[in-house]
Amino acid sequence: MQKRINGIRGWLMRTLTKRLEVSAIARRTDFARHSEIRKILICRPNHRLGNLLLITPLLQEVIETFPHARIDLFVKGNIAPSLFQNYPNIERIIQLPRKPFRSPFRYLLEWFKIRASRYDLAINAVNSSASGRLSTQFANSKYKFFGDIDEDTQFRFADHEHIAKYPVYSFRRNLRALGLEANKSSVAFLDLKLTSNEIAHGKEIATELVKNDKKIISLFTYATGDKCYSELWWNTCYERLKTEYVDYNIIEILPVENVSQISFKAPSFYSRNLREIGSLIANSEIFIGADSGMMHLASATKTPTVGLFQKPNARIYAPYNRNSVAISTTSTGYEECVSILNRVLSNETNG
């Protein structure tokens, strides 16, 4: 039933947005100066951990471009306030309920908040999101960027498909089209913006778990759907890691479902506090996990992250913070994986 409802909602959103213009570019002479952009809306009406973290490069880009602007986020679910709490430019987070048919009045109320507020600029973070495009169109904003990518951007940037990077490239293209100077530096990494106190707390958690001062390898053995590796795969991997890295502690980060693909053989940590989980991962030498929201959380802590991919979508979701890699396990065996891990631990990767 839920899949059917989601299908109907998706069809409705696509129908409503299919006539939207590819881009809402105003004439160069009409666009406000940088100093006049004071209120910005960024739309990413999605509740998943990874999808929300993946907009942090765009958020950083917008803040760098318009440092005095106040920003509203239009999202779904309840985790965004925790993820973005250390971004001082964010003024308000407008949160759609995860299950709109259970809270229809609240759902409509949150939508009308973006109509009742006045924005100088509204940005759709992900161009493939029908609800993102619709909310950008619905917003009461003078200027609107829908997040589209042109052929020139595709030609110039080999990484233009990455879901955290192309929103930034699109934002820059829109600025240039309007005669404004755009940033030319590399796209920022995902960033949870952990504080020094949070990282120190993570160190305390790690010390309590392992009772020694060895360096830490963090594992996350869970993922949703067909991204999840079997218990056999993970147990083989875990035994190999124990043999190969005897001078390291191995800690398993547990999902909200509190399950383990290695049957809780390693010291494990469970928490519903995402920042607390991030603080522990930040005290690791390396994080290893399948394509998941937790993989993106690890990347957002600036920890070297090894993402495991069974599907051919690493170009879209691969971790790209410094010294991080994506491994296609359909074409990479355990021996080659160990070689890659050794390079990461030795700071010899290209990330």
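Hydrogens, waters and symmetry mates are skipped; everything else that's a heavy atom, side chains included, is used.
- By the 4.0 Å N-to-carboxylate-O rule, Asp120 lies too far from Arg38 to be salt-bridged with it.
- We find the CG-CG distance between Leu219 and Leu308 to be 9.5 Å, quoted to the nearest 0.5 Å.
- For Arg118, the CZ atom sits in a loose shell: 12 or fewer heavy atoms of surrounding residues, nucleotides or ligands are nearer than 6.0 Å.
- For Tyr222, the ring pair (Phe, Tyr, Trp, His ring centres under 6.0 Å) test picks out no residue, with sequence neighbours left out.
- Sorted by first and then second residue, the pairs that involve residues 158-167 and meet side-chain hydrogen bond (donor to acceptor under 3.5 Å, both in side chains), not counting sequence neighbours, are Asn127-Tyr166, Asp159-Lys165, Asp159-Tyr169, Glu161-Arg315.
- Within a 6.0 Å sphere centred on CD of Glu257, heavy atoms belonging to other residues, nucleotides or ligands number more than 12.
- For the pair Leu241 and Ile288, the minimum side-chain heavy-atom distance is below 4.5 Å.
- Taking CG of Leu192 as the start and CG of Asn86 as the end, the distance is 8.0 Å to the nearest 0.5 Å.
- Taking the side chain as every heavy atom from C-beta outward, Cys337 and Ile327 approach each other to under 4.5 Å.
- When all heavy atoms are compared, the tightest approach of Pro319 to Ser324 is O-CB, 4.0 Å.
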Side chain to side chain contact (heavy atoms under 4.5 Å, CB included) between Glu276 and Phe269, intermediate numbers included = CA-CA 10 Å; Glu276 187 173 53; Phe269 178 70; 3.9 Å; yes

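- Between Tyr229 and Gln310, the closest side-chain pair of non-hydrogen atoms falls below 4.5 Å.
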Start with the C-alpha gap between Lys302 and Asp191, add the side-chain angles, then the distance that decides, and say whether side chain to side chain contact (heavy atoms under 4.5 Å, CB included) holds.
-> CA-CA 7 Å; Lys302 309 301 179 63; Asp191 197 351; 3.5 Å; yes

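- At least one side-chain heavy atom of Lys265 sits under 4.5 Å from a side-chain heavy atom of Asn235.
- Put simply, the side chain of Lys113 never gets that close to the backbone of Phe74: no donor and acceptor are under 3.5 Å apart.
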Decide yes or no on side chain to side chain contact (heavy atoms under 4.5 Å, CB included) for Tyr320 and Thr305, but give the supporting numbers first.
-> CA-CA 8 Å; Tyr320 66 93; Thr305 300; over 6 Å; no

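- Hydrophobic clustering, with ILVMFWY side chains joined whenever heavy atoms are under 4.5 angstrom apart, groups Val256 together with Phe264.
- With rounding to the nearest 0.5 Å, the separation of CG in Leu341 from CD in Glu285 is 13.0 Å.
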I'd like a table of donor-acceptor pairs (distance under 3.5 Å, sequence neighbours excluded) in which one partner is a side-chain atom from residues 245-255, with atom names and distances.
residue, atom, partner, partner atom, Å
Tyr245, OH, Val338, O, 3.4
Tyr245, OH, Asn342, OD1, 2.8
Asn249, OD1, Asn212, ND2, 3.1
Asn249, ND2, Asn212, OD1, 2.6
Asn249, ND2, Lys214, O, 3.1
Glu252, OE1, Ser260, OG, 2.8
Glu252, OE2, Thr221, OG1, 2.7
Glu252, OE2, Ser260, OG, 3.1

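- Taking a 6.0 Å sphere around CZ of Arg48, one finds it holds 12 or fewer heavy atoms contributed by other residues, nucleotides or ligands.
- Distance alone, capped at 3.5 Å, is enough to place a donor-acceptor pair between the Thr236 side chain and the Leu232 backbone.
- At a threshold of 4.0 Å, the pair Glu335-Arg240 counts as salt-bridged, since one of the basic side-chain nitrogens sits closer than that to a carboxylate oxygen.
- Of the possible polar contacts, one joining the Lys144 side chain to the Gln137 backbone as a donor-acceptor pair under 3.5 Å is found.
- The closest side-chain heavy-atom distance from Phe171 to Leu175 is below 4.5 Å.
- The heavy-atom pair separating Ile199 from Ala282 by the smallest distance is CG1-CB, 4.4 Å.
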Test log, rule side-chain hydrogen bond (donor to acceptor under 3.5 Å, both in side chains), inputs Asn183 and Ser185 = CA-CA 6 Å; Asn183 193 346; Ser185 61; 2.7 Å; yes

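- By the 4.5 Å heavy-atom criterion applied to side chains, Leu121 and Val62 are not counted as neighbours.
- Other residues, nucleotides and ligands contribute more than 12 heavy atoms inside 6.0 Å of the NZ atom of Lys39.
- Looking at every heavy atom in both residues, Ala125 comes nearest to Ile42 through CB-CG2, 4.4 Å.
- Evaluation of the ring pair (Phe, Tyr, Trp, His ring centres under 6.0 Å) rule for Tyr87 yields no partner, not counting sequence neighbours.
- Within the 3.5 Å criterion, the main-chain N or O of Ser82 finds a donor-acceptor partner in the side chain of Arg275.
- Nearest heavy atoms, Arg44 versus Leu52: O-CD2, 4.0 Å.
- Between Phe287 and Phe220, the two ring planes are parallel [angle under 30°; tilted spans 30° to 60°].
- The minimum heavy-atom distance between Leu53 and Gly293, with the atom names listed, is CD1-O, 4.3 Å.
- Side chain of Ser135 to main chain of Gly132: a donor-acceptor pair is present (N/O by atom type, distance under 3.5 Å, no hydrogens or angles).
- No chain of hydrophobic side-chain contacts below 4.5 Å, direct or via other Ile, Leu, Val, Met, Phe, Trp or Tyr residues, connects Tyr270 to Met294.
- Within 6.0 Å of NZ on Lys215 lie no more than 12 heavy atoms contributed by other residues, nucleotides or ligands.
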CA sep, side-chain torsions, deciding dist, call: Phe84, Thr56, side chain to side chain contact (heavy atoms under 4.5 Å, CB included) | CA-CA 9 Å; Phe84 302 111; Thr56 57; 3.6 Å; yes

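- Under the 4.5 Å side-chain heavy-atom criterion for Ile, Leu, Val, Met, Phe, Trp and Tyr, Ile340 and Tyr334 are members of the same hydrophobic cluster.
- Taken to the nearest 0.5 Å, the CG atom of Leu274 stands 11.0 Å off from the OG atom of Ser279.
- Although no hydrogens or angles enter the test, the distance criterion places a donor-acceptor pair under 3.5 Å between the side chain of Asn321 and the main chain of Thr303.
- The side chain to side chain contact (heavy atoms under 4.5 Å, CB included) search around Ala188 returns Gln60, not counting sequence neighbours.
- For the pair Ser299 (side chain) and Met295 (backbone), a donor-acceptor distance under 3.5 Å is absent.
- One distance of note links CD of Glu91 with OG of Ser117; it measures 8.5 Å at 0.5 Å rounding.
- Phe112 meets the ring pair (Phe, Tyr, Trp, His ring centres under 6.0 Å) test with Phe138; sequence neighbours excluded.
- Within a 6.0 Å radius of NZ in Lys311, other residues, nucleotides and ligands contribute 12 heavy atoms or fewer.
- Summarising the geometry, atom OH belonging to Tyr107 is positioned 14.5 Å from atom CD belonging to Gln95; distances are rounded to the nearest 0.5 Å.
- At least one donor-acceptor pair under 3.5 Å links the side chain of Ser141 to the backbone N or O of Tyr143.
- The only member of Thr136, Asn140, Asp72 that meets side-chain contact (heavy atoms from CB on, under 4.5 Å) when paired with Leu41 is Asp72.
- When all heavy atoms are compared, the tightest approach of Ala326 to Phe309 is CB-CE1, 3.7 Å.
- Two residues are said to be in side-chain contact when any heavy atoms from C-beta on lie closer than 4.5 Å; Ser218 and Ile286 fail this criterion.
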